[in-house]
Amino acid sequence: MNHDENRQTPSPLDPADWDGLRQQAHVMLDDMLNYLHDIRSRPVWQPAPDEVRQSLHTSLPLEGAALDGLHQTFMQQILPYAVGNAHPGFMGWVHGGGTVVGMLAEMLAGGLNANVGGRNQMPVEVEREITRWMAALFGFPADASGVFVTGTSMANLLAVWIARVRLLGDDVRRNGVAMTHLAPVAYASAATHGSLEQAYDLAGFGTRILRRVPLDTDQTIDLHALQVMIEADRANGFYPFMLTGNAGTVDTGAIDPLDALARIAKDNNLWFHVDGALGAPSMMHPALAVKLRGIAEADSIAFDFHKWGQVPYDAGFILVRDAELHRRSFASPAAYLRREEAGLAGGSPWPCDFGPDLSRGFRALKTWFTIRHYGADALGASMHRCCMVAQHLAQRVATHPELELMAPVALNIVCLRYVCEDSDRINAEIAVAIQLSGMAAPSTTLINGKLAIRAAIVNHRTREGDVDQLFEAVLHWGGHYTGALS
Ligand SMILES: *Cc1c(COP(=O)(O)O)cnc(C)c1O
């Protein structure tokens with residue numbers, strides 16, 4: 001077939017009418033720009049009505065449908081009923097807000113459709129560039145390795161896998177952890193995210209090897225208790241091998257004393273991992289970076305660009321000091337992944353040598369655009385601003401007789417409650433009422449066994465006025481449910 005014939009038989013999956021498609025594409029782009037521009041005029045969240053849920057269900061579509069109609073379905077039946085984390089009133093869990101720039105970069109990456117598992121291509125170079133930036137940001141050696149993964153849950157798992165190879169040697173990849181005669185144990189504070197415990201499960205160790213170290217009153221790890229536990233474990237025949245510190249716990253944003261943990265890890269020959277899902281990117285602001293002192297001593301750091309870094313989901317990352325150990329923990333000898341000196345199969349090592357994914361998307365591009373466009377200073381400033389907004393809320397809560405601040409505000413998370421009888425039930429109801437109002441979306445958590453309403457200021461759009469609204473709403477619904485207004 002010559003070129004002309006190729007052109008005469010285009011793929012039916014490409015547009016038959018490129019001009020029409022182009023127009024439709026611009027409508028879709030404009031709709032999303034409008035969505036972000038007008039985000040404040042929307043409810044943060046609203047539950048999808050049953051009719052909307054039902055209307056989505058069809059049998060597997062055998063025939064196609066026009067793009068404009070599908071886009072309308074998206075606009076009317078999907079977009080209005082998302083979680084709402086782009087909205088400045090969203091304060092639940094730990095969700096990033098995203099940016100227009102990140103959205104546009106996603107479009108570019110989608111069009112290019114690069115498979116960034118490896119090979120000789122610039123998209124791999126972009127991922128390496130971000131690894132170099134992160135090594136510099138965290139004070140790691142310039143030859144540290146890094147790789148994008150879905151999120152910190154996965155990055156924590158990679159850290160456990162790598163620590164496993166350090167503990168048991170390369171043979172563990174053939175023999176499995178069950179072959180060891182050691183009785184390995186690991187440590188992290190009681191406030192550590194559940195994904196770390198799950199990582200020990202998935203890595204074959206079982207969750208029980210993770211020792212949950214008690215907390216100090218400020219929700220950070222109790223250093224004395226940690227040292228006592230390590231010594232007791234040693235005396236009882238266990239083999240301590242890994243210690244995880246938190247750079248921002250999920251409940252309260254508490255930052256463990258990373259420098260002290262680094263020293264304890266060194267003294268005890270432990271792999272020192274940092275879960276910095278939320279807080280590690282705050283290295284970009286000098287006033288926040290000082291709280292992370294010691295992070296440069298870590299063996300590995302897991303964190304998310306999609307939370308405080310404002311990169312669209314998903315963009316998790318792990319940075320590893322010992323690149324060779326990192327590679328040895330994952331690299332596969334498969335023949336079809338053969339490397340060459342020249343040609344498209346050159347440029348080894350590849351990202352697929354540093355994690356379990358072979359085919360993988362171009363997460364690095366939206367991250368590269370975000371950091372290049374805004375600069376680390378502006379991103380750091382937006383994180384610092386979130387902390388100021390959180391302090392503003394904390395101060396109002398602390399000085400109001402009907403409200404109680406449930407934990408110190410180390411970073412950007414405020415845990416509060418309406419003080420009343422049956423406080424757990426009432427505060428849970430308050431949180432739901434506020435969510436249903438569409439005005440703000442806090443979540444809840446347990447602090448020292450008591451239910452707290454939790455406002456995590458992660459969105460770069462959230463301002464003092466937004467948390468003032470939350471504050472008023474807690475008082476309003478608290479009064480409503482306790483009958484104080486009647
Ligand atoms: C969010 C979070 C995680 C999990 O990260 P994902 O990106 O959701 O997988 C782990 N640890 C902490 C402290 C978190 O805040």
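Just so you know, ligand 1 is whichever comes first in the structure, and atom 1 is the first atom listed for that ligand.
Using the six-membered ring where Trp is involved, W93 and H95 have ring planes that are tilted, between 30° and 60° apart. By the 30° and 60° cut-offs, the orientation of the rings of F305 relative to F317 is perpendicular.
Remark: aromatic rings of F241 and F205 are close, center separation under 6.0 Å.
Of the N and O atoms on the side chains of S359 and N115, at least one donor lies less than 3.5 Å from an acceptor on the other residue. A side-chain N or O of N246 and one of T192 form a donor-acceptor pair less than 3.5 Å apart. At a cut-off of 3.5 Å, with distance as the only test, a side-chain donor of H326 or S145 sits close to an acceptor on the other residue.
At a heavy-atom distance under 4.0 Å, only side-chain atoms of A277, from C-beta outward, approach ligand 1. Heavy atoms from both the backbone and the side chain of T152 come within less than 4.0 Å of ligand 1. Under 4.0 angstrom from ligand 1, the non-hydrogen atoms of K307 all belong to its side chain.
Atoms of ligand 1 lying under 4.0 Å from any heavy atom of S153, numbered from 1 in the order shown and given with element: 4 (C), 5 (O), 6 (P), 9 (O). Atom numbering of ligand 1 starts at 1 in the shown order; those under 4.0 Å from a heavy atom of S195 are 10 (C). Remark: ligand 1 atoms within the under-4.0 Å shell around heavy atoms of G248 are 13 (C). Proximity to G151 (heavy-atom distance under 4.0 Å) selects the following atoms of ligand 1: 7 (O), 9 (O).
Considering both main-chain and side-chain atoms, H306 comes within under 3.5 Å of ligand 1 through a nitrogen or oxygen pair. Note: no N/O pair closer than 3.5 Å links N156 and ligand 1 by distance alone. By the 3.5 Å distance cut-off applied to N or O atoms, D304 is counted among the residues near ligand 1.
Between the choices H95, H193, M154, the shortest heavy-atom distance to atom 10 (C) of ligand 1 belongs to H193.
The distance from atom CH2 of W133 to atom CG of L137, rounded to the nearest 0.5 Å, is 11.5 Å. Atoms CZ and CG, from R417 and L403 in turn, are 10.5 Å apart once rounded to the nearest 0.5 Å.
Among protein heavy atoms, atom 11 (N) of ligand 1 sits closest to D275 OD2, 2.7 Å.
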